[in-house]
Amino acid sequence: MENKLYVYNSKTGKKELFEPINPGHVGMYVCGPTVYNEVHLGNVRTFVSFDIIYRYLKYLGYKVRYVRNITDVGHLTESGEDKVLKRAKLEQLEPMELVQKYTNMFHEMMSIFNTLNPDIEPRATGHLIEQMEMVQEILDNGYAYEQNGSVYFDTLKFNKDYKSYGKLSGRKIDELFTETRDNLKNQDEKRHASDFAIWMKASDEHIMKWNSPWSVGFPGWHLECSVMSTKYLGETFDIHGGGNDLKFPHHENEIAQNIGARGVEPVKYWLHSNMLLMNGRKMSKSDGNTISPYELFTGNSEHVSKGYSPMAVRFFMLQSHYRSTLDLTDQAMQAAEKGYKKLMDAAQVVENMQYPGNNNNTTDIDEKILTILSAMENDMNDDFNTPKALADTFELVNYINKLKDGHLNFKEISIDTFNKIKDTFLKFIYEVFGFRKETAGEDNAMFEGMIELLISIRNEARANKDWATSDLIRDKLKELGIQLKDGKDGTGWSKI
RNA sequence: GGUCGGUUUGCCGAGUGGCUAGGCAACGGUCUGCAAAACCGUGUACACCGGUUCGAAUCCGGUACCGACCUCCA
């Protein structure tokens, strides 16, 4: 942990030295999905971005508590309907049945993309008591008012006392007054247009509702994150993450609620990831500019010419910085797929490579390699710059391939340098970047044995200049997805 | 309309006041029975117009275009 990690804090708009509140420990909260629908590829980008951050913090040796919630109530559509209820009606499922269905699918997708599970994954409906308690605290402190059974956060009073409403998202409360859309439900109950509901009275036909001191109703969407983050991470914690479209109003309101209830700023570092675009525009279901993860895997979409594997997609995402927009195009995916394959081929090569003999002499090549190795960490320390770290990694790929082909002699580097390449390279590929081998077969001894057998039969044929047999084996294997590669030291193979 | 961000070589995408990002594609070469892979070499880019500077694609100002947010959104 002697390295210094800098993170870009949305609250200050600057890169800041990362110093956790409790040395050695990091509390991190990321807004999870609302489970009313199949997970969107854009969501995946956000969760992959924070997966890298989680992984890298762990790599640095921090003990991280990663909390990511599941929103299963209170998230309303523009017309004021509960998203979960609306969808449940459509699919003719119990609300909790629907929530479970999409929660399961979400977990499956996260595992397909090889993201690590959060340490705690709390649900909004599991924290109704705590949410009511916070509503009461805010009321007691005078930053909320009740109106016909609903409770609204008083942004004007809050802003008068703390002068901070709108600070995170750079908004001014006076402007919010005029900008607000006028089609929101219960708008007229609010004192000020920028006020927001923290408890809502439910109508008779509303199914998901609970008894409270104010009405039979349900909590406001922003409340759950305030409650669950502080419950599991404390009144102040280190990192809060989410997509930058949540900055306003969600995160802004979260801060207001926490301060309104407890009087303290909850978050030290706000991290926001940027949007995934497709063909230059934000992915959006309404105008058809969207592709689901499964469509991307199978190629069953007008936007792509073929399917791409989940790890190729992950690689594609890591090739841009999490704070930049990323534009998904078919051409870009093809490039990413090939680059990913090259990287993983090198990983397989270096895994099986041993340094011959024992040489401790170092040359200027050792020095160059050691510079690359430290650059990998330095670049990740610079606000998790995965594209740069990945570029460094490709420089190692070049050295690995040169060693393999004999263009670089092992004697030109020391055994110590070689072991460092192997160790760091594999650590970054598997632990930090979170790539994984995509087919079970690669780890299967019998499968590998059979390939090796075919290769030796083919080599026999080649020795006899029986090109017909030789090419038959090569071509048939290629059809099955195995690419043979004839090299100086015999024939290797890889998955296509 | 308001706020913020972007415009980098054929594509994606980093970065920096003077030093090769990287991946993909292209072209030439090495290797190979052929192929693939790998390796070597080639490309000299930073929207436009001004300004600051010994020097700017990088800083400042303006213009154009694009995008996001402005209580559905990762």
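Within every chain, numbering begins at 1; the chains are lettered A, B, ... in the order of the sequence lines, protein sequences first and strands thereafter.
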Please state whether the base of B:G33 and the side chain of A:Ser470 form at least one donor-acceptor pair under 3.5 Å? yes
Between B:A56 and B:C48 - P atom distance, rounded Å: 15 Å
Can you tell me how far P in B:A64 sits from the matching atom in B:C49, rounded to whole Å? 15 Å
Given B:A14, B:A25, B:A21, identify the nucleotide with an atom nearest to the side chain of A:Glu395. B:A21
Check whether the side chain of A:Asp486 and the base of B:C34 form a donor-acceptor pair under 3.5 Å. yes
Using the P atom as the point on both nucleotides, what is the distance between B:C60 and B:C66, in whole Å? 24 Å
Select from A:Leu326 and A:Asp471 the residue whose nearest nucleotide in RNA chain B is closer to the 5' end of that strand. A:Leu326
Residue matched to B:C4 through Watson-Crick or wobble contacts both under 3.5 angstrom: B:G67
Test: A:Arg68 cationic atom under 6.0 Å from A:Phe47 six-membered ring centre, within 45° of axis: yes
Single hit among A:Tyr165, A:Tyr145, A:Trp199, A:Phe158 for ring pair (Phe, Tyr, Trp, His ring centres under 6.0 Å) with A:Phe153: A:Phe158
Closest-nucleotide 5' rank along RNA chain B - winner of A:Asn401 and A:Leu390: A:Leu390
Starting from P on B:G5, measure out to NZ on A:Lys14 and report it in whole angstrom. 13 Å
Report yes or no: is there a donor-acceptor pair, N or O only, under 3.5 Å between the side chain of A:Arg281 and the base of B:C66? no
Taking the side chain of A:Asn385 as heavy atoms from C-beta outward, which of B:G15, B:G33, B:A74 is closest to it? B:G15
Pairwise P distance, B:G22 and B:C39 [rounded to whole Å]: 13 Å
Test item: A:Arg458 side-chain N/O and A:Leu472 main-chain N/O as donor-acceptor pair under 3.5 Å: no
Assess whether one donor atom and one acceptor atom, taken from the side chain of A:Arg474 and the base of B:A35, lie less than 3.5 Å apart. yes
Using the C1' atom in both, what is the distance from B:U8 to B:G13, to the nearest Å? 9 Å
Ring centers of A:Tyr36, A:Tyr102 separated by less than 6.0 Å: no
